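Reading through the structure tokens given below for one structure.
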Amino acid sequence: MFSARRRGVARLAAATLVSGLVAAGTIAIAGPAMADEISTGGAAATLSTSVVEGGDIAIEVRGETDTVRGGLFNLEVKGGGSLKAYCIDLFTGTKVGTSYKEVGWDESTLHNNKNAGKIRWILQHSYPEVNDLAALASKANAKSLTNDDAAAATQAAIWHFSDNVKTAPKDADANALTEYLVAEAEKAPDQEEPKASLSVSPTSIGGKAGGRLGPAKVTTNAAAGVTKVSLSADAPQGVKVVDKAGKAITSVSNGDELYLDVPAGTGDGSAKVNLQSTTKVSIGRVFASTTEKRRQTLILAGSSDSTVTAQIDATWAKQGAVPAVDFKENCAKGGVDITVSNKGDEDWTFELKGQTYKIAPGASETITVPVAEDEAYKFTITGPNEFEKVIEGVLDCKTATPGPKPSETPSGTPSPSETPATGGTTGSTGSTTGGGDLAETGGSSATPMIAGVAVALVVVGGGAVFFLRKKKAAGH
């Protein structure tokens, strides 16, 4: 059990600097969303509400303890549906309106976290997946639990494994649940990574007219046959999606392979194959932000029926090179794997980051482009017949760690657009009142004030509390 300790003005100044994310040079401003190509498929969502259920949690770092508010976030799925998620990146902020995408563990801060399976065990055995609070309280030897207690306890247990910190909810019953969850997760068999709600590989296919392009394999947790398949409106007449037997299809199931049938005589061109279904996203799926400025990584704790999508780019030509480009972030290598192939009958030559590559007919090559952690990247690959593939995103593979102590923190004056309105408060749902374009983070439950500065900090959610960020690998 930890107790929060009051510190001097210097410490509070550091809290102001980072909890509000308003100091010059450390501002976390929402950037524009990346292009649709950043994901092979799945759920895309927007953070609609900060902590809706949760409570105060003591976090011990460097022998010092501070209090943050942590618990469940709400995400609204584009196309329909809602998600509940916890934070797995404590010292990074987020804000309402941030766009998120579903990704695999190997593309996230969990890629080298040996405790990832323990986090999923907690999600499967605690709130909100388990909503019998009386049963949870009994298992944890707690007197009773509210929704807020259970959410705070679950978040604290998750941070123990995701960020390698000592955590303790301030409520005694909530703390009992945290201790129970951590102890049981340590003993339980590690849980495997959950299946994607919907993905397809590769996301780019090519070939000659008069044949079939593909295959592309579908992975989904949706019920058999409910994933609908359609062609973009600009697809030429006669082009159709078929299965491996050549039969036209309008739906697919997990493990199916699909092809694009392009009749002989069809002029050089391209089309998109769209896949869509409604399903519950599996607990334990990771959601990474798609803004140019990094936001905290979230992990799914509950899902309603939600719309999930995937897309395949298809290109064909009668003769010459026919490029296809697929890509995936590779956290283990610290970069982006770009797989290029040539389905035509002539060499394809292109440039990537100042280097020239030549892909022979029928050949394929994977190029790993190094990208710095938290760096926004954008590559454009071009080819014949006006082929162009834009690859962009932001590499987010490591959890943040607390940065310099107050004496080491830079100084700066917030600009007006980044300063919260005087007297702003955190409501019972964790939403911000009083205006201001702040990143939403966990923060001191006391809402610290700096002497002589007429600004009340508004800090909500779970992450990026009061320490300047400094990168470190998850689980270490």
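One-based numbering along the sequence shown. A quick note: this is a predicted structure, and the numbers were derived from the prediction, not measured.
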Derivation of the side-chain contact (heavy atoms from CB on, under 4.5 Å) call for I299 and F287: CA-CA 6 Å; I299 193 164; F287 280 77; over 6 Å; no

Trace of the side chain to side chain donor-acceptor pair (under 3.5 Å) decision for D148 with T146: CA-CA 5 Å; D148 285 337; T146 65; 5.1 Å; no

Criterion side-chain contact (heavy atoms from CB on, under 4.5 Å) on V242 and D261, from CA distance to verdict: CA-CA 7 Å; V242 300; D261 187 296; 4.0 Å; yes

Residue pair E329, Y377: steps toward the side chain to side chain donor-acceptor pair (under 3.5 Å) verdict: CA-CA 11 Å; E329 291 179 356; Y377 58 85; 2.6 Å; yes

side-chain contact (heavy atoms from CB on, under 4.5 Å) between D173 and L177, worked out: CA-CA 6 Å; D173 289 324; L177 178 56; over 6 Å; no

Test log, rule side-chain contact (heavy atoms from CB on, under 4.5 Å), inputs F161 and K114: CA-CA 9 Å; F161 291 112; K114 64 182 180 180; over 6 Å; no

Worked check of side chain to side chain donor-acceptor pair (under 3.5 Å) between T154 and S126: CA-CA 7 Å; T154 307; S126 191; 2.7 Å; yes

D305 and K280: CA distance, side-chain angles, deciding distance, salt bridge (charged side-chain N to carboxylate O under 4.0 Å, His left out) verdict: CA-CA 5 Å; D305 286 341; K280 285 183 170 64; 3.1 Å; yes

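Of all the heavy atoms in K378 and V390, the pair that sits closest is CE-CG1, 3.7 Å. Nearest heavy atoms, V239 versus L231: O-CD1, 3.2 Å. Closest of all the heavy-atom pairs between A317 and V322 is CB-CG2, 3.9 Å. K84 and P128 get closest at one heavy-atom pair: CD-CG, 4.4 Å. When every heavy atom of A301 is checked against every heavy atom of L72, the shortest pair comes out as CB-CD2, 4.0 Å. In terms of heavy-atom proximity, T178 sits nearest to A153 at OG1-O, 2.9 Å.
Classification of the Y357-F350 ring pair by plane angle, with boundaries at 30° and 60°, yields parallel.
For the pairing with L275, the side-chain contact (heavy atoms from CB on, under 4.5 Å) check across L258, V308, T220 returns one residue only, L258.
To the nearest 0.5 Å, atoms CG (D326) and CD1 (I205) are separated by 10.5 Å. Atom CG of L300 and atom OH of Y100 lie 13.0 Å apart (nearest 0.5 Å). Distance check: L198 CG to T307 OG1 gives 11.0 Å after rounding to the nearest 0.5 Å. Rounding to the nearest 0.5 Å gives a distance of 11.0 Å between CD of E386 and CG of D268.
Proximity of T290 to T98: side-chain heavy atoms (C-beta onward) are nowhere separated by under 4.5 Å. Contact check for P236 versus T266: side-chain heavy atoms found under the 4.5 Å cut-off. V226 places none of its side-chain heavy atoms less than 4.5 Å from the side chain of T279. In this structure the side chain of S197 never reaches within 4.5 angstrom of the side chain of S306, judged on heavy atoms. Counting heavy atoms from C-beta outward, S230 and Q276 have side chains that stay 4.5 Å or more apart. Using a 4.5 Å heavy-atom threshold, the side chains of I88 and T399 count as separate.
Residues D256 and K217 are not paired through a salt bridge, judged by the lack of any N-O separation under 4.0 Å between the basic side chain and the carboxylate. Using a 4.0 Å cut-off between charged nitrogen and carboxylate oxygen, K398 and D374 do not count as a salt-bridge pair. Of the charged side-chain nitrogens involved, at least one lies within less than 4.0 Å of a carboxylate oxygen, so that D313 and K272 count as a salt-bridged pair.
With hydrogens and angles ignored, the 3.5 Å screen pairs a side-chain donor or acceptor of N342 with a backbone N or O of G344.
For the 3.5 Å distance criterion, the side chains of T297 and D396 qualify, holding a donor opposite an acceptor. For the residue pair T339 and T366, a side-chain donor N or O sits within less than 3.5 Å of a side-chain acceptor on the partner.
Residue pairs that meet the salt bridge (Lys or Arg N to Asp or Glu O under 4.0 Å) test with at least one member in residues 188-212, sequence neighbours left out, are K118-D190, E193-R285, K208-D345.
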